[in-house]
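Step one of this worksheet: look at the structure below.
It should be emphasised that the depicted structure is a prediction, and the values quoted were computed from it without experimental measurement.
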Amino acid sequence: MRVVNQPVPKVDSRALVEGQPVYTDDLAPADCLIVKLLRSPHAHALIQDINLTRALAVPGIECILTYEDCPDKRFTMAGQSYPEPSPYDRLILDQRVRFVGDAVAIVAGTGKEAVNKAMKLIKVKYEVLEPLLDFRKAKDNAILVHPEDNWKSLFPVGADNKRNLCAHEEDGQGDIESVLVSCDYVLDRTYHTKANQQAMMETFRTYTHLDTYGRLNVVSSTQIPFHVRRILATALDIPKSKVRVIKPRIGGGFGAKQTAVTEVYPALVTWKTGKPAKLVYTREESFIASSPRHEMEIRVRLGADKNGIIKGIDVYTLSNTGAFGEHGPTTVGLSGHKSIPLYGKAEAFRFIYDVVYTNVMSAGAYRGYGATQGIFAMESAVNEMAGILGMDPVILREINMVKEGQTMPAYYGETANSCALDRCLARAKKMIDWDNKYPYRDMGGGKIRGVGVAMAMQGSGIAALDTASVGIRVNDDGFYTLMVGATDMGTGSDTILAQMAAECLDCDMEEIIVHGVDTDSSPYDCGSYASSTTYVTGMAVLRTCEILRRKICAKGASYMNCAPDDVEFDGEKVLNLKTGESISRQEIGNRVMCNNEDALYASEAFSSPISPPPFMVGIAEVEIDKETGQIEMIDYAAVVDCGTVVNPNLARVQTEGGIAQGIGMALFEDIVYNEKGKNYSNSFMQYKIPSRLDVGEIRVEFESSYEPTGPFGAKSIGEIVINTPPPAIVNAVHNATGVLIRELPVTAEKIYRGMKNKEK
């Protein structure tokens, strides 16, 4: 291929290097209203009175809005397709506050100083209620996080607000209990992953204004422009036709911006006052009132025979959605449906989950989206089973892993049409020199090194749901405009879609101008989430290019007075195969600008009934100080099967970044609350993320399968890359020290105490 599978530079690389002003805060006018939120100091309380008299007297204050100024219409901030699985449990502002940091009032003024002064002068009287902070005690607790009668669920996800249940489901195949009884070895373990912050460089931010026609224009750093339009229309109780959403460049998202965290607040100010308004979250606000990864506790029962064949898998997941249900019903499913299918010989499986409300910050989407938590539990359990069997964990995986052509258990009956997992494992094993390093090496000086392994799978969009469309237009001089609704958040999706278009249209990348995203002009796309862009939007590009090529041939044939069947298009010209006459794309593009009734434009949509999974193997090598328990990353070898690699450079960067995030989850990141629900992890001083010095050497290779349903054989890569480090690192620690850690993060203290307990 000329363009696809080539390391093409990103289409916006020059603008990024030059620091062009293209982000939300760059585009907001200097004189727009500054919006800030007054936040609750209590985890659970009812607002009895809000005195605004002194605050409204501050010069420069335009308005202060409370729950009495908001529509009494519940909605969800989750960016998901309609009808949203997440319950409608929010108001823009509510009389009941549900976590420390929950919004109490919206303050808008002409400057930061005035707004900050006014916020200090607002007097709020609360009736403090007992909070529900332990998610293990939330189900059927007497304390209700959402006792309101207008709470509603649009989708049958097993939700019941009067039981603190955001979702519940049971799934299975075969008689799991009898299969486990028949096994020679049965392991029963519980694993705990805490909430994690996405910690993207650009915090949450939105700028809003009314246009000439009185429509609400929203410029926001979001992954979900079309969903934001629906969310705002619902929250403000206005027609969707009154809302336009524009996505500028995003300074990172990692799933955080699949929730409409900030948009409703400046939108309400603009709708009430008619004036432009801007809300930019501080880093502290992004830590205490955002959309982190769901905390989950996962119980795994694993049964195997004496030969190491895994015959039965039983998973129960308890997920903490926090104060609101954004993404609660959907993330949890991946904890089982993206971990159980890795083991293709299972005769029976069962997967049950509960998602519960508590009085902490609500959770949301984070790269890996529930699969990360489930794979940590499953892969850790498999590694523990290897220890019980006295078997190398690599060998245990070799005899149990799903293979190409197999039907994947717990994966909706889908077949693994493309799977190079076996080759990924073999290559990663060779990269790390597993046979010589497993299980550990004593390095002398009190240092010991261990290696650990894990596998992972993800998906490529949401099967039978995700929809994407693109539009491509031929302009004068014959260059193309590619209009997309997919959201590039730094991942390079604009680039890979342009690569696909250039490959299909036989042109250079420079001849394609990528435009997006504006809900008024862009074709519909669900947004950038669920690892959907390469696979789903990519197929929409292929379909659209096919139609456009036909139109170019037809137009060229009409100009040459011949039949369309007599011509072909080579990317530069339409050639009459019978006479040798030709007309260039440039001339066609110019001629259609005059005396023409057939627009050289095509737009096609795509949705897939399946979600072909990418696969990955990661092997970690860590060094541990036996005196202190201090752990250091030495090496991480990763091999990914994402089908055809569309852009090797971007895929490699994606993988390296995802592994670094996974290392952070495994070793450093921890959200800590006190006994009253206050979040202590409110800055980078308290919430540690890894620097380049903390991740050791990261080495990435690809073992490409060919996905027959994907564009040029491609599958996704965006999410899977974060999933293997936690279980691989935990396994490496165990192999080095004998210490089993089942709750993240892994810390020197946990390792040290574990080693001391083993000595007793």
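- Residues Val181 and Ser178 fail the side-chain proximity criterion, which asks for heavy atoms closer than 4.5 Å.
- In the model, Asp171 has no side-chain atom that pairs as donor or acceptor with a side-chain atom of Tyr353 under 3.5 Å.
- Taking both residues in full, the closest heavy atoms of Leu421 and Val617 are given as CD1-CG2, 3.8 Å, listed atom of the first, atom of the second, then distance.
- The existence of a salt bridge linking Lys345 and Asp305 is excluded, since no basic side-chain nitrogen approaches an acidic carboxylate oxygen closer than 4.0 Å.
- Within a 6.0 Å sphere centred on CZ of Arg136, other residues, nucleotides and ligands contribute more than 12 heavy atoms.
- Lys750 places a side-chain N or O within 3.5 Å of a backbone atom of Pro745 that can act as its donor or acceptor partner.
- For the atom pair CZ of Phe351 and OG of Ser335, the computed distance is 3.5 Å after rounding to the nearest 0.5 Å.
- Counting heavy atoms from C-beta on, the side chains of Gln198 and Arg367 never come closer than 4.5 Å.
- Remark: Glu414 CD is packed, more than 12 non-hydrogen atoms of other residues, nucleotides or ligands lying under 6.0 Å away.
- Tyr438 places a side-chain heavy atom less than 4.5 Å from the side chain of Pro393.
- For CD of Glu627, the number of neighbouring non-hydrogen atoms (other residues, nucleotides, ligands) closer than 6.0 Å is 12 at most.
- Atom CG in Asn417 sits 12.5 Å away from atom CD in Gln406 (nearest 0.5 Å).
- Smallest separation of non-hydrogen atoms from Ser611 and Ala463: N-CB, 3.9 Å.
- More than 12 heavy atoms of other shown residues, nucleotides or ligands fall within 6.0 angstrom of atom OH in Tyr673.
- With respect to the salt-bridge test (charged N to carboxylate O, under 4.0 angstrom), the residues Glu701 and Arg423 do not qualify.
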Problem - Residue pair Arg742, Glu384: steps toward the salt bridge (charged side-chain N to carboxylate O under 4.0 Å, His left out) verdict - result: CA-CA 11 Å; Arg742 301 189 183 103; Glu384 289 197 44; 2.9 Å; yes
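- Annotation: the span from Asn723 atom CG to Met378 atom CE amounts to 13.0 Å, rounded to 0.5 Å.
- More than 12 heavy atoms of other shown residues, nucleotides or ligands fall within 6.0 angstrom of atom CZ in Phe349.
- With rounding to the nearest 0.5 angstrom, the CD atom of Glu621 is 4.0 Å from the NZ atom of Lys437.
- For the residue pair Thr331/Tyr366, the side-chain donor-acceptor check at 3.5 Å is not satisfied.
- Within the 3.5 Å criterion, the main-chain N or O of Pro614 finds no donor-acceptor partner in the side chain of Gln458.
- Donor-acceptor pairing under 3.5 Å is recorded for the side chains of Asn320 and Glu295.
- Between Phe702 and the choices Val639, Ile717, Asp641, the side chain to side chain contact (heavy atoms under 4.5 Å, CB included) rule is met once, by Ile717.
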Using a 3.5 Å cut-off and no angle test, enumerate the donor-acceptor pairs between side-chain atoms of residues 727-735 and protein atoms at least two apart in sequence or in another chain.
{"unit_1": "Asn731", "atom_1": "OD1", "unit_2": "Val453", "atom_2": "N", "d": "3.1"}
{"unit_1": "Asn735", "atom_1": "ND2", "unit_2": "Val451", "atom_2": "O", "d": "2.7"}
{"unit_1": "Asn735", "atom_1": "ND2", "unit_2": "Asn731", "atom_2": "O", "d": "3.3"}

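- Under the side chain to side chain contact (heavy atoms under 4.5 Å, CB included) rule, Arg350 has a single partner from Asp314, Ile340, Val315, which is Asp314.
- Summarising the geometry, atom NZ belonging to Lys758 is positioned 8.0 Å from atom CG belonging to Leu740; distances are rounded to the nearest 0.5 Å.
- In terms of modelled atom types and a separation under 3.5 Å, the side chain of Ser716 and the main chain of Gly718 share no donor-acceptor contact.
- Here the shortest heavy-atom pairing between Glu398 and Leu425 reads CG-CD2, 3.6 Å.
- In summary, Lys715 and Glu707 do not engage in a salt bridge, as defined by a charged side-chain N under 4.0 Å from a carboxylate O.
- Nearest approach of Cys419 to Glu404, heavy atoms of both residues: N-OE1, 2.8 Å.
- Ring geometry for Tyr412 versus His337: interplanar angle of 30 to 60°, hence tilted.
- Minimum heavy-atom separation, Cys166 to Thr321: CB-CG2, 4.0 Å.
- At distances below 3.5 Å, at least one donor-acceptor pair connects side-chain atoms of Asn359 with backbone N or O atoms of Leu132.
- With Asn164 contributing its side chain and Thr358 its backbone, the two residues share no donor-acceptor pair below 3.5 Å.
- A donor-acceptor pair under 3.5 Å is formed between the side chain of His294 and the backbone N or O of Gly364.
- Ring pair Phe287/Tyr687 is tilted by interplanar angle, where 30° to 60° counts as tilted.
- Side-chain contact annotation: Ser380 with Asn383, donor-acceptor N/O pair under 3.5 Å absent.
- Atoms CD1 and CD1, on Ile722 and Ile375 in that order, are 11.0 Å from each other to the nearest 0.5 Å.
- At least one side-chain heavy atom of Asn679 sits under 4.5 Å from a side-chain heavy atom of Ile671.
- Closest non-hydrogen pair, Pro690 versus Glu669, comes out as CD-OE2, 3.9 Å.
- Between Arg449 and Glu623 a salt bridge is recorded (basic side-chain N to carboxylate O distance below 4.0 Å).
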